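Keep in mind it's a predicted model, so treat the numbers as computed, not measured. Residue numbering restarts at 1 for every chain, and letters A, B, ... go by the order of the sequence lines. Keep in mind that the numbers below use all heavy atoms, side chains included, and drop hydrogens, waters and symmetry copies.
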Protein chains: 2
Amino acid sequence: MEEIRDTVSQGRGGTRRVRISDLAEALGLTKSTVSRALNNYADIAPETRRRVAEMAAQMGYAPMPYAQAVRTGRVRALGLVLELDAPDRYGPFLADFLGGITQEATLEGWTLTVASSNSREEMEATVTRLLQEHKVDGFILPRTMVEDPRVDFLRAKHVPFVLFGRVGHGKPDPGLSWYDVDGAEAMRAAVARLAALGHKRIGFVGPSAAYNFAVLRREGYQAGLAEAGISFDPALEIMEVSDRAGGAQAARDLLDLPQPPTAIVYATDATALGAYDVARERGLRIGRELSVISYDGIPEGRMIDPPLTSFAVDSRHAGERLAALLIAQLRGADPAGLQELVVARLEPGGSDGPPPSVS
Amino acid sequence: MEEIRDTVSQGRGGTRRVRISDLAEALGLTKSTVSRALNNYADIAPETRRRVAEMAAQMGYAPMPYAQAVRTGRVRALGLVLELDAPDRYGPFLADFLGGITQEATLEGWTLTVASSNSREEMEATVTRLLQEHKVDGFILPRTMVEDPRVDFLRAKHVPFVLFGRVGHGKPDPGLSWYDVDGAEAMRAAVARLAALGHKRIGFVGPSAAYNFAVLRREGYQAGLAEAGISFDPALEIMEVSDRAGGAQAARDLLDLPQPPTAIVYATDATALGAYDVARERGLRIGRELSVISYDGIPEGRMIDPPLTSFAVDSRHAGERLAALLIAQLRGADPAGLQELVVARLEPGGSDGPPPSVS
DNA sequence: TACGATTACGAAACCGGTTTCGTAAAGCCG
DNA sequence: CGGCTTTACGAAACCGGTTTCGTAATCGTA
């Protein structure tokens, strides 16, 4: 008699939630001892710690994050702010990326809170609100820029964060935590591949140099040229291209040069598709009269004829690692040691081949 | 003397967070009175309510959701579980959809928590965890199925939710809250459009009938036929098609019939692109020898030649309305009154035209 | 064996709110 | 004008945890 208390909601499933006090009662301990046992305090006897852990598992006890948060200020949630004003719409990779983050976060008992913004001001307002309401403990920042205002903003607030991509050209800030795919290496390899096929004039089409990845990929392209002993011709490099139509226009511009390239390296698949449009316009065969290699590995590249030779990025893995890095940092790891650079996987298609033999 | 207390973190930005007790002190009231004033309790004098609201605004007071949650159990967060095992990867619409949800949620002071699952079991486990940890107050369920296990699951737990799409064929459960785009009407209009152009044999290609939208679109197709006085031929209807390759195979099968169709209505753009591949294979011109109309309005449909005539869905708007509906429900509105059906917008392309004149 | 240092736990305050309950003061009515 | 309702607020408990602090019991050592 005493069992008959609050019929209140709580465990919506039917069986009532088990609270820390229930656990304590079942163990004949106080909730303070149980709490410290669960949080690995030093002043708990090993045997007691074991008993508590066992009973917790048996009773299915799980602390309510928000109740903990009242005291600790941590809610075990990662934050992601999507930029709706981005030139591309994150392409088809968003689902994989989110899948990677959430799967990894779930494994560790964390969750992901997503917000969005249409401008830098809105982004700062959103971040501020998420922090002020303590809805989030740290941030994942996709799509880094060479000079990224988010980095300064979050640093000033002392909020942990991890970058998808690096900042500041190729000389990354050692104090930052990031995950990146080596786009420079991919572009270098693309040029090497084309040079090996016999190409001498190789063009490059990339997006705005405000994005760090664009800068790195351009550097990789130039490094590839140098390595192949081909001198760099600025006329063959076109930047500020972000969509298929832009990619097509860039192809036209390059092909209309007095000495047109026989191959074009595109920094992104979406823009490379524009080359196919131009090839059709002009009766050129991709992979024969014009070779194309690009980067991203979008599904459509596999469907198109001939399939696009591309360096594929594993967005799912990126999400997983970014979540893992941020969680490590939130658990106290030094961000300076949390960096990962992976390579893109070459998916050979039919879009690259030897150059047409010069008459 | 007393001012010198916790230098603790809290207001990460620098200025300390203002708590309800600060507000109370500034007003010369107790925090209980302030709390009730802010929550519109009846036993607060109008003048007091006004003073409190004013001071709160002036001091920039905002309650911490998780502190409220300890007592109320509500965290002002919407939940969304992405299904990674879905046939398509949500296509290119996910960013818009998430943008819509989060923008609307932000306006109302709510946030979005995203999780993912690879199977039904995992989905139930994830939902259970989010509820148990009180990370979420209600769910948005995308991609409804005719018999949707999530509906029964959440209903049994008495958790508020809103559906993107309906369930149970065309006879929606009146107790459910949902937002849907009228795919049946779009398919009916597609058939009417083709019939008006002179087509007599019109095929239909749709995805698995397990998805409610597939069933509805098929019904719309058949309704369109009836309306146009064309008798339904089961041989012209192919289901279980979910990707471009499948769409291509369906087109081949239809064109290989003794009496092939002169037009095909596809339930989704992604599959309709397969018709273009087959047309190229066979030397048919889309919009001349073969007409195609489909549904979704994917960007690629605009790029392809000829542009795909399609009924476009506004994913952003869908996200906004779903968030609004769920928030309304969480604020106490009766789900029975929360349904919205909108129409898809026809985007005419060049993929439909009069049938080739019969010899 | 006596005494200081450790060990392991309990008691209670605390986090930032919400909600119940009690009660002075004001209002109403005959 | 006296008794009964309202009105409007304060006091205190509460939500589910965490953390500080105090203290018995055990240990080690001289």
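Rounded to whole angstrom, the span from the NE2 atom of B/His134 across to the P atom of D/dG17 amounts to 10 Å. Whole-Å rounding puts the B/Asn40 CG to D/dA8 C1' distance at 16 Å. Taking atom CD of A/Glu25 as the reference point, atom P of D/dG16 lies 14 Å away to the nearest angstrom. Here C/dT18 presents its C1' atom at 17 Å from CZ of B/Arg19, a figure rounded to the nearest Å. Atom CG of B/Leu23 is separated from atom C1' of C/dG16 by 13 Å (rounded to the nearest Å). If you measure from atom CG of B/Asp22 to atom P of C/dC15, you get 11 Å, rounded to the nearest angstrom. Protein atom OH of A/Tyr66 is 17 Å distant from nucleotide atom P of C/dG16, rounded to whole Å. A straight line from CD1 of A/Ile44 to P of C/dT6 spans 19 Å, rounded to a whole angstrom.
With respect to the salt-bridge test (charged N to carboxylate O, under 4.0 angstrom), the residues B/Glu320 and B/Arg316 qualify. Between B/Asp152 and B/Arg155, no side-chain nitrogen of the basic residue sits less than 4.0 Å from a carboxylate oxygen of the acidic one, so the salt-bridge criterion is not met.
Within the 4.0 angstrom heavy-atom criterion, no nucleotide atom of any strand lies near A/Ser21.
Taking every side-chain heavy atom of A/Val70 into account, C/dC15 is the closest of C/dC15, D/dT19, C/dG17. The nucleotide whose nearest atom lies closest to any side-chain atom of A/Met64 is, among D/dC9, D/dG17, D/dA11, D/dG17. Distance from the side chain of B/Arg71 is smallest for C/dT18 among the nucleotides D/dG10, C/dT18, D/dT19. Side-chain atoms of A/Leu29 lie closest to C/dG10 of the nucleotides D/dG17, D/dA8, C/dG10. The listed nucleotides are D/dG10, C/dT18, C/dC9; the one nearest the side chain of A/Thr48 is C/dC9. Considering only side-chain atoms of B/Ser35, the nucleotide from D/dA8, C/dT18, D/dT18 that sits closest is C/dT18. Listed candidates were C/dT18, D/dT18, C/dT19. Nearest to the side chain of B/Arg36 is C/dT19. Of all nucleotides listed (D/dC9, C/dA8, D/dT19), C/dA8 comes nearest to the side chain of A/Pro46. When distances are taken from the side chain of A/Lys31 to each of C/dG16, C/dA8, D/dG17, the shortest belongs to D/dG17.
Phosphate contact (OP1/OP2 of C/dT18, side-chain N/O of B/Asn39, threshold under 4.0 Å): present. Within the structure, every side-chain polar atom (N or O) of B/Tyr41 is placed at least 4.0 Å from both OP1 and OP2 of C/dC21. Distances shown here put a side-chain N or O of B/Thr33 below 4.0 Å from the OP1 or OP2 atom of D/dG10.
Both B/Arg49 and B/Ala67 lie near DNA chain D, and the one whose nearest nucleotide falls closer to the 5' end is B/Arg49. Residue B/Gln68 is the one, among B/Asp43 and B/Gln68, whose nearest nucleotide of DNA chain C lies closer to the 5' end (criterion: closest heavy atom).
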Name the atoms and distances for all side-chain donor-acceptor pairs under 3.5 Å in residues 52-65 of chain A, with sequence neighbours left out.
| unit_1 | atom_1 | unit_2 | atom_2 | d |
| --- | --- | --- | --- | --- |
| A/Glu54 | OE1 | A/Arg50 | NH1 | 2.9 |

- Message: Is there a side-chain contact (heavy atoms from CB on, under 4.5 Å) between B/Gln339 and B/Arg166? Walk through the geometry before answering.
- Response: CA-CA 10 Å; B/Gln339 287 103 18; B/Arg166 288 159 283 175; over 6 Å; no
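Judged by atom type and distance alone, A/Ser32 reaches the base of C/dA11 through a side-chain donor-acceptor pair under 3.5 Å.
Screening B/Leu325, B/Asp334, B/Leu326 against B/Ser177 for a side chain to side chain contact (heavy atoms under 4.5 Å, CB included) leaves a single residue, B/Leu325.
A donor-acceptor contact shorter than 3.5 Å is absent between the side chain of B/Asn118 and the backbone of B/Asp85.
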